[in-house]
Amino acid sequence: LCRRKDRAGAVLAAAGVPVPRTGVFPCIVKPADEDGSAGIFADSVCDSPEAVARVRARLAGPAIVQEFLPGREFAVALWGRDSPEHFSIGETGFRNGLRLITYAAKWDLDSRDFADSPLDYDVPLDPSLRDAVLAAARGAWCAVAARGYMRVDLRLDEAEAPRVLDVNPNPELGPGVGICRAVQEAGWTWERFVRQQVE
């Protein structure tokens with residue numbers, strides 16, 4: 001389900017989880033059936049139908065076109081035995097004109113996009129914003145019937161309300177990144193996390 005962003009988005013919306021709108025500009029055009037930011041570039045943000053057509057033409061498969069949200073972006077890791085009991089919230093900062101997480105920002109450690117999109121877990125959050133971000137992330141967990149652990153990417157809209165961009169039930173497991181870094185930032189050891197998952 002979560003590999004198909006269009007289907008996952010429909011499930012989230014039906015469950016009352018806030019997601020980006022469609023049919024508005026600016027918008028982002030991205031593959032509907034890829035993950036890891038594959039197919040996403042700086043020019044994937046479009047301001048006109050012509051730009052949308054140009055980006056869609058370079059994608060091999062189906063695409064989703066949804067509102068490009070202007071606010072802060074968060075990566076929320078959730079984990080637990082039967083429910084999302086534990087969490088860790090990181091915020092992606094954007095520098096030097098970069099507005100979104102591109103494929104290079106996620107995977108090319110030597111790229112400018114990677115340098116211009118650091119993920120920080122020490123950003124203070126107003127309690128009401130933190131609660132709203134967590135409520136949306138936990139709502140996504142329940143809507144897709146997640147188990148064990150997952151990552152939810154959210155961004156704030158013009159009213160500073162969080163909307164779910166992506167639901168990833170299989171985030172990166174490498175040392176110091178992805179779910180490993182998230183649980184460690186929350187004060188867990190990797191061994192404790194793995195033991196809980198195995199149990």
Side-chain angles (χ1 to χ4, degrees), residues 1-20 30 33-38 40 69 71-93 100-101 103 105-107 109 114 117-156 160-199:
L1 171 63
C2 295
R3 179 64 184 261
R4 278 297 299 259
K5 291 179 172 56
D6 51 348
R7 295 177 185 166
V11 168
L12 294 174
V17 177
V19 295
K30 55 189 177 182
D33 58 356
E34 293 282 358
D35 56 13
S37 295
I40 299 179
L69 301 170
R72 299 164 69 183
E73 183 162 330
F74 301 98
V76 181
L78 300 166
W79 66 97
R81 292 179 185 271
D82 302 309
S83 62
E85 304 168 60
H86 310 283
F87 69 90
S88 186
I89 302 175
E91 179 175 1
T92 300
L100 74 166
I101 299 175
Y103 183 81
K106 189 166 283 187
W107 302 109
L109 277 58
F114 181 85
S117 57
L119 181 61
D120 187 356
Y121 284 86
D122 294 322
V123 176
L125 290 179
D126 179 85
S128 62
L129 176 57
R130 187 198 69 173
D131 291 349
V133 167
L134 278 176
R138 286 175 169 148
W141 170 295
C142 295
V144 302
R147 295 177 59 190
Y149 62 93
M150 72 182 307
R151 173 175 157 158
V152 181
D153 296 326
L154 307 97
R155 198 156 182 160
L156 303 185
E160 298 192 349
R163 295 181 181 267
V164 173
L165 302 178
D166 192 32
V167 179
N168 185 353
N170 186 29
E172 171 69 48
L173 289 168
V177 297
I179 196 72
C180 179
R181 180 182 174 195
V183 300
Q184 290 172 335
E185 292 281 357
W188 284 48
T189 63
W190 185 235
E191 291 77 11
R192 178 188 175 194
F193 172 79
V194 172
R195 182 172 288 110
Q196 184 204 59
Q197 294 299 315
V198 171
E199 290 172 353

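Worth knowing before you read on, the calculation uses all heavy atoms, side chains too, and leaves out hydrogens, waters and symmetry mates.
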Exercise. Which heavy-atom pair separates Q197 from G80 by the least distance, and what is that distance?
Worked result: NE2-O, 4.3 Å

Problem set entry | Whether over 12 other heavy atoms sit under 6.0 Å from R147 CZ | no

Exercise. Rounded to the nearest 0.5 Å, what separation is found between the CZ atom of R7 and the CG atom of L12?
Worked result: 14.5 Å

Seminar exercise, completed: Interatomic distance, CZ@F193 vs NE2@H86, rounded to 0.5 Å, equals 10.0 Å

Exercise. Tell me the salt bridge (charged side-chain N to carboxylate O under 4.0 Å, His left out) pairs involving residues 71-81, sequence neighbours left out?
Worked result: R72-E91, E73-R155, R81-E199

Problem set entry | Sequence-distant partners of E160, side-chain hydrogen bond (donor to acceptor under 3.5 Å, both in side chains), two or more places apart | none

Problem set entry | Residues forming a side-chain contact (heavy atoms from CB on, under 4.5 Å) with A182, sequence neighbours excluded | A77, S88, Y121

Exercise. Taking only residues two or more places apart in sequence or in another chain, which ones pass side-chain hydrogen bond (donor to acceptor under 3.5 Å, both in side chains) with D126?
Worked result: S128

For this session: Just say parallel, tilted or perpendicular for the rings of W107 and Y103, cut-offs at 30° and 60°.
Result: tilted

Problem set entry | Pairs meeting criterion salt bridge (charged side-chain N to carboxylate O under 4.0 Å, His left out) with involvement of residues 168-187, two or more places apart | R181-E185

Exercise. So, K30 side chain and S37 main chain: donor-acceptor pair closer than 3.5 Å or not?
Worked result: no

Problem set entry | For D33, salt bridge (Lys or Arg N to Asp or Glu O under 4.0 Å) partners two or more places apart | none

Exercise. Do other residues, nucleotides or ligands put more than 12 heavy atoms under 6.0 Å from D120 CG?
Worked result: yes

